[in-house]
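Indexing begins at 1, ligand by ligand and atom by atom, following the structure's order. We number each residue from 1, following the sequence as shown. It should be emphasised that the depicted structure is a prediction, and the values quoted were computed from it without experimental measurement.
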Amino acid sequence: MPVPGYPRLKSVASKRAESFGNGIPHEGMYTREELKELVAYCAERGIEVIPEIDMPGHNQALAAAYPEFFCFPDHNTKVSTTGGVGLYLVCPQKPEVWKFYAAVFDVLKDIFPSKIVHLGGDEAPLEKTWQKCPLSVKYRQKKGMKDVHEELKEFEGKMASMLAARGRRPQLWYEKPWAEAGIYRKGDTVFTWRMGLTPSTITETKKQGLPLIIAAGEHCYLDYPQIPGQDNRGWMPTTTLERSYKLDPAYGRPEKATDHIIGVQATMWAEHLPTLNHLLYRTYPRAMAIAEAGWSPMDVRSWDNFRRKVADHRAFVLKRFNYDLERTKENEPPFK
Ligand code: ACM
């Protein structure tokens with residue numbers, strides 16, 4: 001997304017040398033007009049687009065463009081060519097970081113009518129960054145902060161205030177250690193996503209008064225392969241259609257223990273989607289399974305009945321998108 005005053009988002013951050021070792025350079029950035037068109041297209045179909053600006057982590061592309069925003073500026077930083085957790089966390093003690101996000105939020109306000117902005121907040125190795133950052137160390141000492149979590153709490157609070165000034169509120173990926181450190185404020189909507197942690201997260205978020213969206217990794221991550229043997233980047237589990245369908249958003253618990261669960265999310269990460277064909281293949285039919293899990297009580301759910309419905313939808317999707325099954329076979333596996 002272009003942000004006035006930050007041309008290196010386009011000239012540097014929007015380009016990478018290759019994707020997962022395929023040797024093919026890749027680049028792309030929306031214009032403001034394209035984003036507005038997308039938002040309008042979705043609105044006509046009853047869909048609200050909620051943008052995510054992940055912070056403080058998942059920011060290697062920003063570090064390549066503006067290394068001075070980070071604790072340990074490295075002018076040789078390159079846009080990542082793979083996925084995963086990085087060590088690039090914006091530094092809360094640099095005024096230019098706050099100026100940047102103010103500009104980002106102004107653009108968001110102009111493009112996205114949604115009152116919600118997802119601020120990410122996942123996979124941020126504070127101990128390897130802010131913990132050692134000279135500016136942060138000094139700041140924490142001055143303020144009498146006992147650890148980096150207190151600094152993060154202040155960071156998230158300041159971001160939430162900046163959003164509030166623009167009539168927006170944040171949503172965040174749930175991270176247990178952060179919840180334990182009191183970083184989420186009552187009423188913040190959070191997402192459960194880590195494999196195996198959803199049952200405990202349902203309990204914890206209920207206690208803390210946090211509305212919860214179920215994006216459980218073991219059912220809802222649509223970038224995972226769906227057939228054994230497909231490219232899994234070395235670690236991804238296979239998430240079959242049946243596994244996605246087996247999602248019970250309440251995890252078998254009674255309503256009074258789950259009345260803070262406000263929805264489900266099917267998560268399609270896009271570090272590398274070589275073609276539209278590939279995106280559709282990954283997304284369908286599992287998105288249908290998650291949609292039914294979100295809309296239908298467990299006592300009317302039936303795998304056999306769902307499979308019959310999928311056959312109809314499959315015919316529709318193949319036709320509507322001129323879907324090319326042969327090309328999908330070429331791309332899977334591997335999709336380099
Ligand atoms: C996530 O998958 N890092 C939220």
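Under a 4.0 Å criterion applied to the non-hydrogen atoms of W269, ligand 1 contributes the atoms 1 (C), 2 (O), 4 (C). Annotation for ligand 1: atoms under 4.0 Å from non-hydrogen atoms of D122 are 1 (C), 3 (N), 4 (C). Atoms of ligand 1 found under 4.0 Å from any heavy atom of Y221 (numbered from 1 in listed order, with element): 1 (C), 2 (O), 4 (C).
Considering backbone and side-chain atoms together, E123 places an N or O closer than 3.5 Å to an N or O of ligand 1.
Residue K309 places its NZ atom among more than 12 non-hydrogen atoms of other residues, nucleotides or ligands, all under 6.0 Å distant. No more than 12 heavy-atom neighbours from other residues, nucleotides or ligands sit within 6.0 angstrom of CD on E255.
By the ring-ring contact (aromatic ring centres under 6.0 Å, His included) test, F191 pairs with H118, W173, sequence neighbours left out. Under the rule for a side chain to side chain contact (heavy atoms under 4.5 Å, CB included), A164 has no partner lying at least two apart in sequence or in another chain.
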